[in-house]
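Worksheet: the structure to be examined is printed underneath.
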Amino acid sequence: MTPEAMAALYAAAFPDSRPWTATEIAALLDRPSTHAITAPHGFALIQVIPPEAELLTIVIDTARQGQGLGRALLDETLERAAALDASCLFLEVDMTNAPARALYGSAGFEQTGLRANYYAQADGSRSDALLLRKALSPAA
Ligand SMILES: CC(C)(COP(=O)(O)OP(=O)(O)OC[C@H]1O[C@@H](n2cnc3c(N)ncnc32)[C@H](O)[C@@H]1OP(=O)(O)O)[C@@H](O)C(=O)NCCC(=O)NCCS
């Protein structure tokens with residue numbers, strides 16, 4: 001998947017956020033610590049600096065959300081992080097993002113912190129970021 005395709009998926013999935021440009025995504029992918037996990041209708045980006053990995057983003061095409069694709073992509077992402085010698089994956093999620101919170105909760109992520117008023121909302125209000133973490137089993 002090209003950085004342009006990733007940028008288009010990202011912009012559609014986060015209509016209220018400043019979009020990540022294809023140039024910014026390409027620059028991220030140029031870093032040896034950044035890894036892309038791609039699927040037919042979405043992608044995830046992780047930054048791995050063992051023993052930790054961070055989920056930078058995970059996006060499913062808006063037309064394909066709610067069909068289990070996010071779960072499958074997250075499972076693949078967890079496996080990739082473990083294969084890259086990470087022993088945990090952490091992330092930040094907007095506490096108003098119900099689908100993402102459901103996804104991470106059922107995948108076994110636990111809250112480790114909270115950043116108050118971290119995200120700007122389209123209506124001018126602000127929402128908290130939850131910091132979540134999941135321990136990874138060593139890769140087989
Ligand atoms: C978050 C996202 C990746 C989830 O992918 P998805 O394919 O839509 O999700 P799935 O169909 O695999 O469902 C995953 C879980 O979320 C739940 N879910 C899906 N849509 C939901 C909704 N609208 N409201 C509440 N829960 C929802 C499902 O019931 C499922 O829960 P379960 O694992 O307990 O059964 C996708 O919705 C997305 O791209 N959102 C926009 C970008 C984003 O917010 N990324 C995460 C940033 S931290």
Side-chain angles (χ1 to χ4, degrees):
M1 185 180 293
T2 63
E4 287 76 16
M6 291 180 186
L9 286 172
Y10 187 97
F14 294 104
D16 298 333
S17 305
R18 185 188 74 78
W20 285 7
T21 67
T23 304
E24 287 169 330
I25 291 174
L28 264 179
L29 291 170
D30 273 346
R31 295 186 195 166
S33 57
T34 306
H35 302 266
I37 299 88
T38 59
H41 303 291
F43 71 96
L45 297 179
I46 53 175
Q47 174 165 279
V48 183
I49 302 176
E52 291 192 326
E54 179 179 6
L55 182 67
L56 301 176
T57 195
I58 182 168
V59 173
I60 295 294
D61 185 341
T62 50
R64 303 282 184 153
Q65 290 176 6
Q67 300 172 12
L69 297 176
R71 149 86 37 236
L73 181 57
L74 181 62
D75 287 347
E76 197 182 333
T77 300
L78 293 167
E79 282 174 19
R80 178 78 71 85
L84 290 164
D85 295 329
S87 60
C88 73
L89 181 70
F90 67 91
L91 60 86
E92 288 162 8
V93 61
D94 187 328
M95 74 176 299
T96 67
N97 188 342
R101 289 186 63 185
L103 176 67
Y104 302 138
S106 63
F109 279 80
E110 292 179 351
Q111 184 177 340
T112 58
L114 181 147
R115 291 194 179 127
N117 302 318
Y118 188 72
Y119 295 107
Q121 300 292 321
D123 66 3
S125 66
R126 299 194 73 84
S127 58
D128 299 340
L130 305 179
L131 308 186
L132 306 184
R133 180 183 182 281
K134 179 180 168 68
L136 304 177
S137 308

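Read the numbers this way: they start at 1 and go in the same order the structure lists the ligands and their atoms. Just so you know, residue 1 is the first one in the sequence shown, and it goes up from there. The shown structure was predicted, so the numbers you read here are calculated from the model rather than taken from an experiment.
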> Judged by modelled atom types alone, do R101 and T96 share a side-chain donor-acceptor pair under 3.5 Å?
Replying inline: no

> Is it the side chain, the backbone, both or neither of L103 that has a heavy atom closer than 4.0 Å to ligand 1?
Replying inline: both

> Are any of the protein's heavy atoms under 4.0 angstrom from atom 42 (C) of ligand 1, yes or no?
Replying inline: yes

> Of the listed options (A98, S106, G68, A13), which comes nearest to atom 34 (O) of ligand 1 when hydrogens are ignored and any heavy atom counts?
Replying inline: S106

>> Residue-level breakdown please: for F43 versus ligand 1, do any non-hydrogen atoms fall below 4.0 Å on the side chain, on the backbone, on both, or on neither?
In response: neither

>> Just to be sure I'm reading this right: ignoring hydrogens, which of A39, A102, G70 gets closest to atom 26 (N) of ligand 1? Compare them by their nearest heavy atoms.
In response: A102

> Of all the non-hydrogen atoms in the protein, which one sits nearest to atom 39 (O) of ligand 1, and at what distance?
Replying inline: I60 N, 2.8 Å

> Considering all protein heavy atoms, does one lie under 4.0 Å from atom 28 (C) of ligand 1?
Replying inline: no

>> Just to confirm my output: which protein heavy-atom neighbour is closest to atom 8 (O) of ligand 1, and how far is it?
In response: G66 N, 2.8 Å

>> What protein heavy atom lies closest to atom 44 (O) of ligand 1? Include the residue and the distance to one decimal.
In response: N97 ND2, 2.7 Å

> Which atoms of ligand 1 have any heavy atom of E92 under 4.0 Å away?
Replying inline: 48 (S)

>> Among all protein heavy atoms in this structure, tell me which lies nearest to atom 47 (C) of ligand 1, with the distance rounded to 0.1 Å.
In response: F14 CZ, 3.7 Å

> Based purely on interatomic distance, does R64 place a nitrogen or oxygen under 3.5 Å from a nitrogen or oxygen of ligand 1?
Replying inline: no

> Can you tell which part of P99 has a heavy atom less than 4.0 Å from ligand 1: side chain, backbone, both or neither?
Replying inline: both

> Which protein heavy atom lies closest to atom 45 (N) of ligand 1, and at what distance to 0.1 Å?
Replying inline: I58 O, 2.8 Å

> Got a sec: does the CZ of R64 have more than 12 other heavy atoms crowding it under 6.0 Å?
Replying inline: no

> Is the shortest distance from a heavy atom of R101 to ligand 1 less than 4.0 Å?
Replying inline: no

> Tell me: protein heavy atom nearest atom 38 (C) of ligand 1, and distance?
Replying inline: Q65 NE2, 3.3 Å

> Taking 4.0 angstrom as the limit, do E24 and R18 come out as a salt bridge?
Replying inline: yes

> Charged N to carboxylate O under 4.0 angstrom, R115 versus E92?
Replying inline: yes

> So with a 6.0 Å cut-off around CD of E4, is the heavy-atom count from everything else above 12?
Replying inline: yes

> From atom 32 (P) of ligand 1, is the closest protein heavy-atom distance below 4.0 Å?
Replying inline: yes

>> Tell me whether atom 5 (O) of ligand 1 lies less than 4.0 Å from at least one protein heavy-atom position.
In response: yes

> Looking at atom 13 (O) of ligand 1, would you say a protein heavy atom lies below 4.0 Å from it?
Replying inline: no

>> Considering non-hydrogen atoms of the protein only, which is the closest contact for atom 48 (S) of ligand 1, and what is the distance?
In response: Y104 OH, 3.2 Å

>> So is Y10 touching ligand 1 or not, going by heavy atoms under 4.0 Å?
In response: no

